[in-house]
Structures are given as structure tokens and as C-alpha cells.
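No hydrogens, no waters, no symmetry mates; every other heavy atom, side chains included, goes into these values. Numbers restart at 1 for each chain; the letters A, B, ... are given by sequence-line order, proteins then strands.
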2 protein chains.
Amino acid sequence: MEQAKLLSDTVLAIFRANGRLIAWGDHFAAAQALTSARWQMLGALALAGEPLTAPQIADSMGVSRQGAQKQLNLLFADGLLTRTPNPAHQRSPLYWLSAAGQQCFNEVDSRWRQHALKVAASFAPGELESVQRLLDKLASLHPPEDAKGENDAR
Amino acid sequence: MEQAKLLSDTVLAIFRANGRLIAWGDHFAAAQALTSARWQMLGALALAGEPLTAPQIADSMGVSRQGAQKQLNLLFADGLLTRTPNPAHQRSPLYWLSAAGQQCFNEVDSRWRQHALKVAASFAPGELESVQRLLDKLASLHPPEDAKGENDAR
DNA sequence: GAACGGTTGACAACTTGTTGTCAATAACGG
DNA sequence: CCGTTATTGACAACAAGTTGTCAACCGTTC
């Protein structure tokens, strides 16, 4: 039974860390009038390096299509994204960072990298990699388990 | 800059694992008509081993007082919790598991322990502990940073 | 014992995410 | 070219959490 408690505690540690990081991210990104969610969304586009459609962004972030769309609409309304007609699909425009979005993201990302350097220095070299591996393995052992009948697969 | 990316990826791995575990937990707990949130709430009470007030439960779970209260009211309405008058505070009743709540939690917890044993066996002995330590350290390096002016400290 | 500040529950508004449904548009097979 | 199926955006409903505000209660202090 010791093993079970060990795993429970680990899961709770993940929940705790998740909550803390989101709360901290909200505060950190507030300087650029962003939230954690918007920061992540801009980051997904920046990382892709090219304009994407809403479903593509949703896939790359691992959230539902509708969830991504909601944020995209808000970010577009706030002028942080541009919508380009998609030659390959009339109803599905391509989203890309606007000038304001670029600047916004650059500022927060630059500050983040400074902070990350300091924080990462608190850990031994291979430590972060091995944690990533374990987390991904743990996640893979707990799949969404929709099996088959799903709509709108995620 | 490699270090910064390493940390970013770790944070994203935490977000991913968190999402996966919640989704999986919702499905797993559905057999007892629970959700992840309700399961955790019942677990917090069971772990405490004694009736608690709403703010105490909130503290122990690391969520806001109002957030815990919302779930407590729902769980009470569903008959999974009992409210006992609190001799020490007239307005703040003590919550405890009802018979139904006990049974509900026992069933899901028993199934969870079986599953956890199998999953924990996939990891080396010290691995889970070291991940917990890193996660908690990472969380502690990213405090809510309210500093002073906060209402309703969390 | 009246006045003060801190605690608590209730309520409302908001954020971020989910699922489900619908209609319009692609995409494809005959 | 037409019918069928899959994508896609919009919308609604919901879950879970946050913050803020208010009024009632508690404890302490003068």
C-alpha cells in the first residue's frame, strides 16, 4: 500500500505545481496584459513559426477545438492576432501574430527566459529531463480512454 | 538558452500531465458518480480523519475558500456529506462524510489503490519521490506572489 | 459591554476549459 | 455532377475554479 500512497502524493504534487504555475504565470504575464492561457496560445503560434488554423492550434496545444477557438476569437478581438484568408479552406482562416501580438509575446518571452535561466540553475543537469520523462510516461499510462465512440476527438 | 527551453518543456509537461490525470480521474471516478474534483474533496476529508470546516478543507487542498465551499454545498446537496453544528463557531459547520459518502469514497479509493499499485510498479523506487521533491521545489520557486495587499490569502 | 478587526457563508461576475449541437463548407466517391 | 461524409465556426450549457463584495458572526480590547 506504500506504493499507492507514493503515487497519490505524486499526483497531488502535480496538481499543486500546476495550480501554482498557472497562478504565477497569470501574474507574470499581467505586465503584458496577458494571462497564462493567452501567453500559451501566443507561444504555440510562435513555436509553430507559421500561420495555423484554429483546429491545428488546438491539436498542438492538446485542448479542444472549441476551447482554442474561444481564445483565438478573444485574442483577435484584442488585436493580438491577424486572420488571413486560408487559400486551402474558405471557412477556416489562418491565424498569426499581429505586430502587437509579436511585441507582446517577445516581451513576456524575453522576461520568461531570464527567469527560467535562474530557476533552471537550481536543478541538476539531468533532473529536468528525467522529470519530463516520468510525467509523460505517467500521462501516457492515463490516456483519455475514450476508446471509440467519441465526437471531436482530442 | 538551452536551459530556458528545458524548463519551458518541463512546465508544459506538468500542464499536460495535469490535464490528462484530471480527464482520466473524471472517467475513473464516474463509476461512483464522482468527478475528479469531488473525489479529491472526499479524499481530503478522509485523509484528515476528522470533521473539518470549509476553510480548513480549502487550506488543506490549496484552493480558495469559496471554491471549496461551492463543492461542499453540492456534495452536501447530493447527500455525500453531513453538516454538524460547530460548537466553536455558529456559522461554520463541520463537514464529514455521510454513510453514502464513505461508501462512495471507499469504492473509488479501493479501485484507485489497485490501479496505483500497478502504475507505481512501472517506476524505479526513488523516482516518484524525487519527482515530488522537484515539483514542490518548482512550485515553491513560483509562489502566488501576492506579497502583501491580498484579500483572502491562499 | 460596545467597538473593533478578522472569519465565514452566500452571492455574483468572470476565466478557462469541457461537451454537444447546428449549419455551412470542404472533400471525396460514384 | 451529385450525394455522402468529415471539417469547421458559432453557439449554448455546463464544470471548476478565481476574485470581489456583503452581511453576519467571532474574539479581543478598551
Taken to the nearest whole Å, CG/A:Leu52 to P/D:dT8 is 12 Å

Atom CG of B:Asp26 and atom P of D:dA15 are separated, to the nearest Å, by 11 Å

Of A:Ser36 and A:His89, the one whose closest nucleotide on DNA chain C sits nearer the 5' end is A:Ser36

B:Arg65 CZ to D:dT18 P, in whole Å, measures 12 Å

Taken to the nearest whole Å, CH2/B:Trp39 to C1'/D:dA16 is 17 Å

Of D:dG20, C:dT21, D:dT18, the nucleotide closest to the side chain of B:Ser64 is D:dT18

Shortest non-hydrogen pair, A:Gln132 vs B:Leu6, comes out as NE2-O, 3.1 Å

In whole angstroms, the gap separating C1' of C:dT15 from CE of A:Met41 amounts to 13 Å

message: Does A:Lys137, at its NZ atom, have more than 12 non-hydrogen atoms belonging to other residues, nucleotides or ligands within less than 6.0 Å?
response: yes

Note: contacts of residues 67-78 of chain B with DNA chain C (heavy atom, under 4.0 Å) are B:Gln69, B:Asn73

- Query: Hey, would you say the A:Trp39 and A:Phe105 ring centroids sit under 6.0 Å apart?
  - Reply: no

Distance col, row B:Thr84:OG1 vs B:Tyr95:OH, nearest 0.5 angstrom, shows 10.0 Å

Between the CG atom in B:Leu42 and the CD atom in B:Gln32, the distance rounded to the nearest 0.5 Å is 10.5 Å

When rounded to whole Å, the CD1 to P distance for the pair A:Ile22 and D:dT19 reads 13 Å

Legend entry - Derivation and outcome, side-chain hydrogen bond (donor to acceptor under 3.5 Å, both in side chains), residues B:Asp26 and B:Ser36: CA-CA 5 Å; B:Asp26 280 342; B:Ser36 288; 3.1 Å; yes

To the nearest angstrom, the CZ-C1' distance between A:Arg20 and D:dG17 comes to 16 Å

Picking from C:dT18, C:dT16, D:dT8, the nucleotide nearest the side-chain atoms of A:Arg91 would be D:dT8

Q) Is the distance from OP1 or OP2 of C:dA26 to the nearest side-chain N or O of A:Gln90 less than 4.0 Å? A) yes

note: A:Asn86, atom CG; C:dA27, atom C1'; distance rounded to Å ~ 14 Å

TODO: With heavy atoms under 4.0 Å as the rule, sort A:Thr35 into base, sugar-phosphate or nothing.
DONE: sugar-phosphate

Review point. Between the side-chain atoms of B:Gln66 and the base atoms of C:dG9, is any donor-acceptor pair under 3.5 Å?
Key: no

Which of C:dA10, D:dA16, C:dT8 is nearest the side chain of B:Pro55? It is C:dT8

Under 4.0 Å: is that the gap between some side-chain N or O of A:Ser92 and OP1 or OP2 of D:dG9?
yes

Going by atom types alone, do A:Ser8 and B:Trp112 pair a side-chain donor with an acceptor below 3.5 Å?
yes

